[in-house]
Amino acid sequence: MPVDRRRPQTLTDRASDRLRRTRAGIAFTSLRHELRGRSIPLHWTNLFGVISVAGVTVLFLTGIVLMVAYTPSSEAVTYRGPYPPLAGATVSRAFDSVMRLSFEVPGGLLIRQLHHWAALLVPASIMLQLLVTFFTGAFRRPRRGSWLMLFLLLIVVLAGGWSGYALPDDMLSGSGLRIVEGIALGIPLIGTWLATVLFGGEFPGRIIENLSLVHMLIVPLGLLVLIAGRARSAYKNRPPQFAAGGRDEDNVVGVPLLPNAAVRAGGFFAVVVGLLVLLATLVTVNPIWAYGPADPGNASAGSQPDWYTGFLDGALRLVPPGWEFQFLDRTWTLAVLAPLVVVGVFLLVVALYPLLEGWLTRDRADHHLLDRPRNTPVRTATGVAGVIFYGVLWTAGSADIIALVFHVSFEMVILTLQVALLVAPPTGFFIAQRVCIALQRKDRGLVLHGFETGRIVRMPGGEYIEVHQPLDEYERWRLTAHQQAQAVEARPGEDPVSIPAL
């Protein structure tokens, strides 16, 4: 008599079977199989996205804890905490709650520093993503929307960092808010109204309450919407890849998304989070107890903003003195208007660059192979000029510290940076373009003649020559993929292998 050796189904097994047979279960199973069949190219540039996701995750988790402990109020109270130098001082409830979190809540200082270090890391990783996307041409169709969302993600992160920077209500953040008030008041026609709305009255007003709403509600919602939009774009469009053997516009060569790529990303995610925790444990950041509470009548000497807003401060410093004029019975100061216009135009060009390049080159095709920066000299040179422009503004934000450390006059530092702002970007454009052209010529020589082996041979006629070894098929394809793709776009339907390279 046969014996049934099958394990009897448990309640969990039966519930799992029923769930798999539901519409949601069928959809989930189908999605899992689809993701297992997707290939992801492996390249080190993909790690910047993992860093950004890890940083944003840390920001959300630590932000929830901080939101519970923080009191967003400008109401004055007397400090009675365990930090002796401030005993009996009049502080705001916001400052008092941050001090209580730092000195009285177990692990509170670690959570606060972890949040701050993550806020410093995320803008850097997003900027590096933008640079990689720009120089490799990953912003072209069909990924123009993804580029715009990445740019907006940077703007939202900057807004979140700036608003969070002011929430402790210490002397350092108070000095920054006084600068913001001056900028708002310097805008003609609407300046007074704008400052009143932002601060809720005379400085400092209710700025803490207003910025807490931005930092705790508007910024997180913006991050979630933009991250979801980029995830949808990545799911809809297959990932771009660098040219290599066996890769073309119609396939993706890499590892399966599930589980290989996901496990790799998860491991690096854990490494990034671990390094952030280690950094927050060992390195102090934003010690508000050393700065003291904010005071509208005082400012901290040598104060510097967080690094990601340094270019805005630098733009204000580089405007020559006396740039103002009278119009409509009002004084129009270019010390505020010029930086706002210049930085605004710069950011607008960055956001709309995919459309500008597509319009200038009349490129309406979809691209799934990434460019080598040397193969697009004008784009690469434009990117270098933009990076130099940003770097000069960023350096100007620390002009006073540079003058102090190197014992030079502040005026000389500003004058040097003013000249650099006008001369350095076009110089960088020219040099980068010539370097790209020289590298193209080097690649052409490799394709035509191979690479040098160092072996010298004497010819029958007495001539000495160096033997060159031809490139293999895959390396030759990698160096000529850009020209082949251009030829295929010019003559659609032709086999790219049959088109002469270079």
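- At a threshold of 4.5 Å between non-hydrogen side-chain atoms, the residues Leu154 and Gln129 do not count as touching.
- With contacts defined as side-chain heavy-atom distances shorter than 4.5 Å, the pair Asp313/Thr309 does not qualify.
- In this structure, the side chains of Phe95 and Asp170 come closer than 4.5 Å at one or more pairs of heavy atoms.
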Please lay out, stage by stage, how Leu404 and Asp400 fare under the test side chain to side chain contact (heavy atoms under 4.5 Å, CB included). CA-CA 6 Å; Leu404 179 65; Asp400 54 337; over 6 Å; no

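- Here CG of Leu393 is found 12.0 Å from CD1 of Ile388. Values are rounded to the nearest 0.5 Å.
- With rounding to the nearest 0.5 angstrom, the CG atom of Leu316 is 7.5 Å from the CG atom of Leu340.
- To the nearest 0.5 Å, atoms CD (Glu357) and CZ (Phe134) are separated by 7.0 Å.
- Considering all non-hydrogen atoms of both residues, Gln440 and Asn375 come closest at NE2-CA, 3.4 Å.
- Here the shortest heavy-atom pairing between Pro339 and Leu334 reads CD-O, 3.4 Å.
- Between Arg140 and Thr361, every side-chain heavy-atom pair lies at or beyond the 4.5 Å cut-off.
- Counting non-hydrogen atoms of neighbouring residues, nucleotides and ligands closer than 6.0 angstrom, the CZ atom of Arg206 reaches no more than 12 such neighbours.
- Thr71 places none of its side-chain heavy atoms less than 4.5 Å from the side chain of Asp96.
- The main-chain N or O of Gly137 is never found under 3.5 Å from a side-chain atom of Arg143 such that the two would form a donor-acceptor pair.
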Any chance you could lay out the side chain to side chain contact (heavy atoms under 4.5 Å, CB included) test for Arg372 and Phe242, step after step, and finish with the verdict? CA-CA 8 Å; Arg372 301 178 75 199; Phe242 286 91; 5.5 Å; no

Using residues 265-284 as the side-chain source, report each donor-acceptor pair under 3.5 Å to any protein atom, sequence neighbours left out, with the distance given to one decimal.
from   : atom 1 : to     : atom 2 : distance (Å)
Thr281 : OG1    : Val277 : O      : 2.6

Using atom types as modelled, flag every donor-acceptor pair under 3.5 Å from a side chain in residues 57-65 to any protein atom, sequence neighbours excluded.
from  : atom 1 : to     : atom 2 : distance (Å)
Thr57 : OG1    : Val53  : O      : 2.7
Thr62 : OG1    : Val58  : O      : 2.6
Thr62 : OG1    : Leu59  : O      : 3.4
Thr62 : OG1    : His115 : ND1    : 2.8

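- For the atom pair CG of Leu439 and CZ of Arg434, the computed distance is 11.5 Å after rounding to the nearest 0.5 Å.
- For the pair Val157 and Tyr308, the minimum side-chain heavy-atom distance is 4.5 Å or more.
- With sequence neighbours excluded, the residues satisfying ring-ring contact (aromatic ring centres under 6.0 Å, His included) with Phe389 are Phe346.
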Verify side chain to side chain contact (heavy atoms under 4.5 Å, CB included) between Arg264 and Leu42, making sure each step is shown before the conclusion. CA-CA 10 Å; Arg264 290 170 181 263; Leu42 294 180; 3.8 Å; yes

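- Between Phe429 and Thr382 there is a side-chain heavy-atom pair separated by less than 4.5 Å.
- Remark: side-chain polar atoms of Gln433 are not paired, donor with acceptor, to backbone N or O of Pro377 under 3.5 angstrom.
- Among all heavy-atom pairs drawn from Ile51 and Ser125, the shortest one is CG2-CB, 3.6 Å.
- Side chain of Thr136 to main chain of Leu370: no donor-acceptor pair is present (N/O by atom type, distance under 3.5 Å, no hydrogens or angles).
- Under the 3.5 Å distance criterion, the side-chain polar atoms of Ser97 are matched with a main-chain donor or acceptor of Ala94.
- The shortest heavy-atom contact between Val253 and Gln241 is N-OE1, 3.0 Å.
- Between Gly200 and Asn210, the shortest heavy-atom distance links the atoms N-ND2, 4.0 Å.
- The CE atom of Met149 lies 7.0 Å from the CZ atom of Arg230; values are rounded to the nearest 0.5 Å.
- Side-chain contact annotation: Ser92 with Asp169, donor-acceptor N/O pair under 3.5 Å present.
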Donor-acceptor pairs under 3.5 Å, side chain of residues 211-223 to any protein atom, not counting sequence neighbours: which ones?
from   : atom 1 : to     : atom 2 : distance (Å)
Ser212 : OG     : Ile208 : O      : 3.2
Ser212 : OG     : Glu209 : O      : 2.7
His215 : ND1    : Gly160 : O      : 2.9
His215 : ND1    : Ser163 : OG     : 3.1
His215 : ND1    : Gly164 : N      : 3.3

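- Here the side chain of Arg141 pairs no donor or acceptor atom with the backbone of Ala365 at under 3.5 angstrom.
- With sequence neighbours excluded, the residues satisfying side chain to side chain contact (heavy atoms under 4.5 Å, CB included) with Thr133 are Ala138, Phe139, Trp147, Leu150.
- The environment of Trp289 atom CH2 is dense: over 12 non-hydrogen atoms of other residues, nucleotides or ligands sit within 6.0 angstrom.
- Put simply, the side chain of Ser398 never gets that close to the backbone of Trp394: no donor and acceptor are under 3.5 Å apart.
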Evaluation steps, side chain to side chain contact (heavy atoms under 4.5 Å, CB included), between Phe135 and Thr380: CA-CA 6 Å; Phe135 285 113; Thr380 301; 4.0 Å; yes

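- Remark: side-chain polar atoms of Arg238 are not paired, donor with acceptor, to backbone N or O of His368 under 3.5 angstrom.
- The ring-ring contact (aromatic ring centres under 6.0 Å, His included) contacts involving residues 162-201 comprise Phe199-Phe203, where partners must be two or more places apart or lie in separate chains.
- For Ser233 (side chain) and Gly229 (main-chain N/O), no donor-acceptor pair under 3.5 Å exists by modelled atom type.
- Shown here for Val98 and Pro168, the closest heavy-atom pair between the two residues is CG2-CA, 4.0 Å.
- Between Leu153 and Ile227, the closest side-chain pair of non-hydrogen atoms falls below 4.5 Å.
- In this structure, Leu101 CG and Ile111 CD1 are separated by 8.5 Å, a value rounded to the nearest 0.5 Å.
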